Amino acid sequence: MDIDARINRRRNRDDSPRLVREYEALSPVAHIDEPSDRGPVFEELLDHLDPVFDGRLPPNAYVYGPPGSGKSAIVTALFARLSRLSTGTRSVIHTNTRAATTTTPQFVYVDRRETASEFAFYHDVLAGLVDEPVPEHGVSTADLRSRLHERLGSARTGVVVAIDHVDEPAGGDDLISLLAGLPSNVSWLAVGRADPGDVAVSAYTATVVRVAPYQRQMLVDVLMTRASEGLARQALDHDLARRIADWADGDAHDALAVLFVAADRAREADGGRIDEADVDAAIAETPQPCVSLGRVLGLPTNKQLVLRALVDLEEADRASVAATTEAISSVPTIDLSPGTVKRFLYEMAENGIIERVESEARDGKGRPPSRIELRFPPSAFRRLYDLQT
DNA sequence: GATCCACGGGAATACACGGATG
DNA sequence: CATCCGTGTATTCCCGTGGATC
């Protein structure tokens, strides 16, 4: 725990005992340092990365698994550790004298959720490699790419780049050509949901690693661990954790989202612990399938602003895209034009953040309108968004 | 002056329906 | 009866502009 967290804990003890001690530990978008029970997958990945420990580059790889199976948690945890090992080439402040560290390849993690464009991709890879800030404006994409080549041309050992969420976003630049633009001493590890047979990158990989969904007991453990980190003692009954795990059917994201919503609901009700009604309500507001909250919170600022207004609307205001547009545009905090709000709604529906369901009420005239429905639990987004700002 | 990208705005296209037409 | 047409909405697509930054 860092100092801020320690101080905050003291500051927040006014109306103790607090049910929610630490939203961060509870958040479905945060990954903890030590994903539990994933030993075999770590071993498989380390087998693949093994050449690294001799100072060589591993081949390209594809890691895949269903939503909420812990792909991102595993890869981020692993890359965080590995990049700590290889800081020898860029940092002078290290006490360890093992010469081997200076010849270890570097590790960079980029997330396509935040790195959709070609420019952003090369920017983030480069930023992961150098200590000095990389400009985000005023420099061309081609320029950025050549800086990257320049930087790596002199490197002895190369870089391993993890690219998470390769099958999102739908509208991003073609991944294959982005990868082709990387220097030759870069090896990549793509992470996605699709089966290797259905995804173009797998044609360029030597290794494929599958991440299986969480088994029931593992998911219960995940929930109990999070509860003990983020909630007051004894706040989550083991039976309720099992109930959530059963419902989530192996998807850790959805399970954690339910826990988060239930905890927030219990806190609002001044409950000292999460009860069954909290869990029921949380499950009821979590759609299936549920889009990743990480994706929602990775959206551009103004799209999130629109969503923030959307989750507060009455059902009547969501009866059609036109009505929803009007309702959102009249919210004082929104200074976007109605046209833009509407376009955002259509775009987000296209990307599965929200859903348009065509109304069956035909009134004879024109094409029937679509009602807007959320693909994520609204109170989870509301809380996470408000904490962020 | 260059660059990226979010916005704004509007044109083009799709769809549903009732009524006219062959 | 099958098809086309006109009207009114909904939806998609596209591109120019401007703010922020280097």
Side-chain angles (χ1 to χ4, degrees), chain A residues 110-151 163 165 168-175 177-178 181-182 291 294-310 313 315-375 381 385 388-389:
Chain A
V110 302
D111 188 346
R112 287 225 87 204
R113 279 175 181 159
E114 283 136 21
T115 307
S117 71
E118 187 185 7
F119 179 86
F121 179 73
Y122 294 121
H123 175 274
D124 288 5
V125 173
L126 186 57
L129 287 174
V130 299
D131 288 327
E132 62 269 22
V134 181
E136 297 184 32
H137 295 270
V139 52
S140 74
T141 304
D143 197 10
L144 214 46
R145 193 191 306 122
S146 63
R147 282 202 210 184
L148 184 59
H149 280 259
E150 200 178 309
R151 168 68 181 74
I163 304 132
H165 305 117
E168 308 163 21
D173 285 303
D174 180 40
L175 182 65
S177 52
L178 294 186
L182 291 170
V291 68
R295 247 185 99 191
V296 180
L297 293 159
L299 255 26
T301 327
N302 279 329
K303 278 192 175 160
Q304 291 194 52
L305 191 63
V306 166
L307 284 180
R308 182 63 186 83
L310 177 62
L313 292 186
E315 194 174 333
D317 286 330
R318 292 190 282 108
S320 72
V321 177
T324 308
T325 301
E326 196 186 338
I328 291 176
S329 303
S330 68
V331 173
T333 51
I334 306 271
D335 65 346
L336 299 164
S337 80
T340 299
V341 171
K342 186 187 278 189
R343 186 167 53 78
F344 280 2
L345 290 173
Y346 280 116
E347 284 178 5
M348 290 191 290
E350 188 69 21
N351 294 331
I353 307 288
I354 57 183
E355 189 175 19
R356 292 186 294 113
V357 304
E358 191 171 292
S359 106
E360 47 268 23
R362 301 279 138 84
D363 57 353
K365 273 203 213 150
R367 188 172 176 170
S370 303
R371 158 170 53 91
I372 298 285
E373 290 204 345
L374 305 173
R375 298 313 296 166
F381 173 72
Y385 181 88
Q388 216 177 47
T389 50

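What you see is a predicted model; the values in this text were computed from it and never measured. Note that these values count all heavy atoms, side chains included, but never hydrogens, waters or copies made by symmetry.
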How are the rings of A/Phe381 and A/Tyr385 set relative to one another: parallel (under 30°), tilted (30 to 60°) or perpendicular (over 60°)?
tilted
Between A/Val321 and A/Val134, who's closer to the 5' end of DNA chain C by nearest nucleotide?
A/Val321
Would you say A/Arg367 places a side-chain N or O within less than 4.0 Å of OP1 or OP2 belonging to C/dT11?
no
Nearest-Å distance, OH (A/Tyr122) to P (B/dC5)?
13 Å
Is the shortest heavy-atom distance from the side chain of A/Phe344 to the side chain of A/Leu305 under 4.5 Å?
no
Specify the separation, in whole Å, of atom CD of A/Glu358 and atom P of C/dA10.
11 Å
Distance test, side-chain N/O of A/Thr141 to OP1/OP2 of B/dC4, below 4.0 Å:
yes
Spacing between A/Arg356 atom CZ and B/dC15 atom C1', to the nearest angstrom
12 Å
Tell me, do A/Lys303 and A/Val306 make a side-chain contact under 4.5 Å, heavy atoms counted?
no
Rounded to whole Å, the CG-P distance (A/Leu345 to B/dG8) equals 13 Å
Between B/dG8, C/dT12, B/dT3, which nucleotide has the shortest distance from any of its atoms to the side chain of A/Glu350?
C/dT12
In terms of side-chain heavy atoms of A/His137, which of B/dG8, C/dA10, B/dC4 is nearest?
B/dC4
Does A/Leu310 reach the side chain of A/Arg318, with side-chain heavy atoms less than 4.5 Å apart?
yes
Would you indicate, yes or no, if C/dT11 has its OP1 or OP2 atom less than 4.0 angstrom from a side-chain nitrogen or oxygen of A/Ser370?
yes
B/dC5, OP1 or OP2 - any side-chain N/O from A/Ser117 closer than 4.0 Å?
yes
Taking the side chain of A/Ala322 as its heavy atoms from C-beta onward, which of C/dA10, B/dC5, C/dT11 lies nearest to it?
C/dA10
A side-chain contact here means heavy atoms from C-beta on lying under 4.5 Å apart; do A/Leu336 and A/Ile328 qualify?
no
Closest to the side chain of A/Arg343, out of C/dC14, C/dA10, C/dT11, is C/dC14
When rounded to whole Å, the CZ to P distance for the pair A/Phe344 and B/dG9 reads 13 Å
note: A/Glu118, atom CD; B/dC5, atom C1'; distance rounded to Å ~ 14 Å
Short side-chain N/O contact to C/dT11 OP1/OP2 from A/Tyr346, under 4.0 Å:
yes
Taking the side chain of A/Phe119 as heavy atoms from C-beta outward, which of B/dC4, B/dG8, C/dT11 is closest to it?
B/dC4
Using a 4.0 Å heavy-atom cut-off across all strands, classify A/Pro300 as base, sugar-phosphate, or nothing.
nothing
From CZ of A/Arg147 across to P of B/dT3 the rounded distance in Å is 13 Å
A/Leu148 and side chain to side chain contact (heavy atoms under 4.5 Å, CB included): which single residue from A/Val130, A/Asp143, A/Leu129 fits?
A/Leu129
Regarding A/Ser140, tell me which of base, sugar-phosphate or nothing describes its non-hydrogen contacts under 4.0 Å with the strands shown.
sugar-phosphate
Between B/dG9 (C1') and A/Glu347 (CD): distance, integer Å:
14 Å
